[in-house]
> 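Handing you a structure now.
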Amino acid sequence: MTTSIDSTMMRRFNKTAVFRTIYQNAPISRVDIANLLEMNKATISSIVDELIAEEFVIEIGYGESRGGRKPMLLSLNENAGYCIGIDVQITHVTVALCNLSGKIIEQHHEPIYLSDGMSVQEALLQSLIAASKKVISKAPTSKYGVIGAGVAIPGMVNSQTGYLHYLPNLEIHEWNFLESLRANLKIPIFIDNDANCGALAVQQTCHLNHLVFVNVGMGTGVGIITNGNLIHGYDGIAGEFGHTTIAAMGLKCSCGSYGCWEQYASERALLRYLQEVGAYNLPLFPSAHFIEECVLRADTGDALYIRAFQTLGQHIGIGLANVLNGLNPQIAMIGGPIVLAGNYILPDIERTVANRAVSLNRRVKVHIASPETVVHGAAQLVLRSLLLVDIESLKESGEWPTPLTLPH
C-alpha cells in the first residue's frame, strides 16, 4: 500500500524520533541527536526548542568540550506528567503512579472482593477503578497531569483491540475489557499480558534485544523480546508457555489440557507441594500474601517449606529450559509474586537449566526480577505510546497511529 506523507506528518514523526532519542540517551546534546538521527542540525534545534517550550524536555547544563564550545545537554522533564501502571493479580490489583522516567511516586494495593450477586468481571472492574482513582488523586500538579494508564493482565489479551479472550484463573471469557475500563477512568488506557509488561520493563533497564521474562504467579506466562521487539503473535496471545505440556499424563489444567507447565510452576503448584510433604495449616487457595508467608516459614529453617520451594524451582527450570531451547535469548528473568522466594528457587532453576538446556543455551543467565517489574512495565505501555510512532508502522497500516501523541 502506497502512503503519502505530508509535511505535517513528517514533522510529527521527526518530533517523536527526537523525543525518543532524548528519552533513551539523556543527557545528550543537540549535535549528538542530529548525528544519531542523521538529520539536519537546524531541524533538530527547532524541534528541541519546541519540546522545551512544551516542557517535555529541559536543559540541564553544559557537557564536556570536544574542541569547541561546550554543548548544552538535554534531558527528559520527568515531572511534566504522570502515568499509571496496573498489575492485575487473581486476588488483588496493584496500581502505581509513575513519572515519565518510570519512577514510582505512589502505590496502592486493592483486594478483589466478590460480593453477593456480583460477577467476577464486575468485581475486577470495581477494584481496578477504585485503586486507580485513589492513586490518580495523589498525582502532583503538572503540566500534562495523568496522561494514561497501562494494565498488565494475567491472561490471553489482544493489546491492539483491548479484548480479553481468556483469564484462566478467574474464568473470564471474551470481554471487551478496554472499553469497560475507558468508560470509567476517562483517560487513555493500554493493556497487555503481564509477562509482556515484565519483558518491556526489563528491556528498558538492560537494553538487550533478546530476552525472556517468565512471570510466575497463580499461572505462568512468558514475555518475549526478539530483535528488540516484543512478540505478540497473530492474535496477540504469543508467550503462553504456561500451557505447553511438560507431563503427558499430568494434572488437568484450567485451560482444559493436561500436564501444563503452570500446573507444576506456579503458586498453586507450591501449595500442592506443601500439601504433599505434610505441611499443616495451609490455605485452601493461595492468598495475596501466600508467597511472603511461605518465605517467612522457610527463613525459620522449616524443611518442608524449603523442600517445596526446591521442587518448585526444579519445575520452573524444566519449562524454562524448553523456552531457552526454543528462543535462545541473551538473558532470562523470573518475575511475578514468586520473586519473594528468589533465594530459595534460583539455585534449583539454574541446576535444572544447566542439565536440560542444549549447547549455548546452558550459558543463558537467569535472574530474579524486582517485585515492581510488572507494574513498571504496565506504566511503560503508556510511555511507549509517546516514543514509538514511526514511519514503518505508517507504511504497513496506511494510517498514522494516534493513541497518544506529543503535542504538535
Side-chain angles (χ1 to χ4, degrees), residues 24 78 82-110 131 135 149-154 192-208 210-225 230 239 265-267 270 286 288-296 298-299 309 312-313 316-317 320 323 329-350 364-384:
Q24 295 174 339
E78 60 182 21
Y82 296 87
C83 56
I84 301 293
I86 304 172
D87 180 12
V88 177
Q89 296 293 318
I90 304 305
T91 55
H92 65 284
V93 296
T94 298
V95 182
L97 176 73
C98 302
N99 65 16
L100 295 187
S101 68
K103 179 182 178 182
I104 293 179
I105 307 300
E106 187 77 26
Q107 187 165 280
H108 177 71
H109 303 279
E110 185 83 12
V135 169
V151 188
I153 298 289
D192 211 328
N193 174 268
D194 52 2
N196 289 344
C197 290
L200 288 175
V202 173
Q203 184 189 37
Q204 176 64 25
T205 302
C206 68
H207 305 293
L208 296 177
H210 301 270
L211 64 92
V212 293
F213 181 89
V214 182
N215 198 68
V216 180
M218 211 66 73
T220 305
V222 179
I224 307 162
I225 302 285
L230 181 63
S266 63
E267 290 182 78
L270 177 62
H289 302 289
F290 176 61
I291 299 297
E292 183 179 357
E293 291 163 357
C294 290
V295 169
L296 289 174
D299 286 345
F309 277 131
L312 180 67
I316 293 173
L320 179 57
V323 173
Q330 293 166 279
I331 64 166
M333 300 290 292
I334 308 297
I338 200 62
V339 302
L340 297 176
N343 291 337
Y344 291 105
I345 63 173
L346 185 58
D348 286 280
I349 294 173
E350 291 176 328
V364 175
K365 294 295 183 183
V366 182
H367 302 274
I368 300 296
S370 75
E372 294 79 24
T373 300
V374 171
V375 80
H376 267 131
Q380 189 69 23
L381 296 176
V382 183
L383 300 177
R384 279 167 60 89

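Position 1 is the first residue of the sequence; numbering continues from there.
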> Within the side chain of Asn215, is there an N or O that forms a donor-acceptor pair under 3.5 Å with the backbone of Gly336?
yes
> Using every non-hydrogen atom in the two residues, find where Ile104 and Cys98 come nearest and quote the distance to one decimal.
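In this case the closest contact between Ile104 and Cys98 is CG1-SG, 3.9 Å.
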> Applying side-chain contact (heavy atoms from CB on, under 4.5 Å), can you list everything that pairs with Pro329, at least two apart in sequence or on another chain?
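Val212, Leu324, Leu327, Val364.
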> Specify the closest pair of heavy atoms between Ile316 and Ala265, including all atoms of both residues, with the distance to one decimal.
CG1-CB, 3.7 Å
> Got a sec: does the CG of Asn343 have more than 12 other heavy atoms crowding it under 6.0 Å?
no
> With sequence neighbours excluded, what pairs up with Ala369 under the side-chain contact (heavy atoms from CB on, under 4.5 Å) test?
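Only Phe213, Met333, Thr373 meet the side-chain contact (heavy atoms from CB on, under 4.5 Å) criterion with Ala369.
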> List the atom of Pro347, the atom of Gly342, and the distance in Å for their closest heavy-atom pair.
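So the two residues come closest at CD-O, 4.4 Å.
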> Glu78: what forms a side-chain hydrogen bond (donor to acceptor under 3.5 Å, both in side chains) with it, not counting sequence neighbours?
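Partners of Glu78 by the side-chain hydrogen bond (donor to acceptor under 3.5 Å, both in side chains) criterion, ordered by chain and then number, come out as Ser101.
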> Run the ring-ring contact (aromatic ring centres under 6.0 Å, His included) test against Tyr344 and tell me which residues pass, sequence neighbours left out.
Phe309
> Mind running side chain to side chain contact (heavy atoms under 4.5 Å, CB included) on Ile84 and Leu97 for me, showing each step along the way?
CA-CA 5 Å; Ile84 301 293; Leu97 176 73; 3.6 Å; yes
> What is the distance from atom CG of Asp87 to atom CG of Asp194, rounded to the nearest 0.5 Å?
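Output value for this atom pair is 6.5 Å.
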> Please list, chain by chain and in numerical order, all residues satisfying side-chain hydrogen bond (donor to acceptor under 3.5 Å, both in side chains) with Ser266, sequence neighbours excluded.
none
> What are the two closest heavy atoms between Leu340 and Pro371, and how far apart are they?
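Where Leu340 meets Pro371 most closely, the heavy atoms are CD2-CG, 4.3 Å.
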> Taking all atoms of both residues into account, what is the closest heavy-atom pair of Ala332 and Leu320, and its distance?
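In this case the closest contact between Ala332 and Leu320 is CB-CD1, 4.1 Å.
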> Table please: side-chain donor-acceptor pairs of residues 195-202 below 3.5 Å, with sequence neighbours left out.
from, atom 1, to, atom 2, distance (Å)
Asn196, ND2, Asp192, OD1, 2.8

> Partners of Thr205 by side-chain hydrogen bond (donor to acceptor under 3.5 Å, both in side chains), sequence neighbours excluded?
none
> Is there side-chain contact between Pro154 and Val88, with heavy atoms separated by less than 4.5 Å?
yes
> Taking only residues two or more places apart in sequence or in another chain, which ones pass salt bridge (charged side-chain N to carboxylate O under 4.0 Å, His left out) with Glu372?
none
> Could you state the interatomic distance from NZ (Lys365) to CD (Gln330), rounded to the nearest 0.5 Å?
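The distance works out to 14.0 Å.
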> Drop me the distance from Leu270's CG to Phe290's CZ, to the nearest 0.5 angstrom.
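If we round to the nearest 0.5 Å, Leu270:CG and Phe290:CZ are 4.5 Å apart.
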> Let me confirm one number: the CE-CD1 distance from Met218 to Ile338, rounded to the nearest 0.5 Å.
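Answer for the CE-CD1 pair, Met218 versus Ile338, is 11.0 Å.
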> To the nearest 0.5 Å, what is the distance between CD (Gln203) and CG (Leu211)?
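The CD atom of Gln203 sits 6.5 Å away from the CG atom of Leu211.
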> Could I get the full list of side-chain hydrogen bond (donor to acceptor under 3.5 Å, both in side chains) partners for Thr94, not counting sequence neighbours?
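With neighbours one apart ignored, the set is His109.
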> Can you find a heavy atom in the side chain of Ile225 that is under 4.5 Å from one in the side chain of Leu230?
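Touching, per the 4.5 Å side-chain cut-off.
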> Are the side chains of Val216 and Ile345 in contact, using a 4.5 Å heavy-atom criterion?
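No, side chains not in contact.
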> Rounded to the nearest 0.5 Å, what separates atom CD1 in Ile334 from atom CD1 in Ile349?
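If we round to the nearest 0.5 Å, Ile334:CD1 and Ile349:CD1 are 4.5 Å apart.
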> Using the test side-chain contact (heavy atoms from CB on, under 4.5 Å), find all partners of Leu100 that sit at least two apart in sequence or belong to another chain.
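Applying side-chain contact (heavy atoms from CB on, under 4.5 Å) to Leu100 gives Phe56, Leu76, Ala80, Ile147, Leu383.
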> With sequence neighbours excluded, what pairs up with His108 under the side-chain contact (heavy atoms from CB on, under 4.5 Å) test?
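Expected list: Glu110, Ala131, Lys134, Val135.
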> Grab the two heavy atoms, one from Val222 and one from Val214, that are nearest each other, plus how far apart they are.
CG2-CG2, 4.2 Å
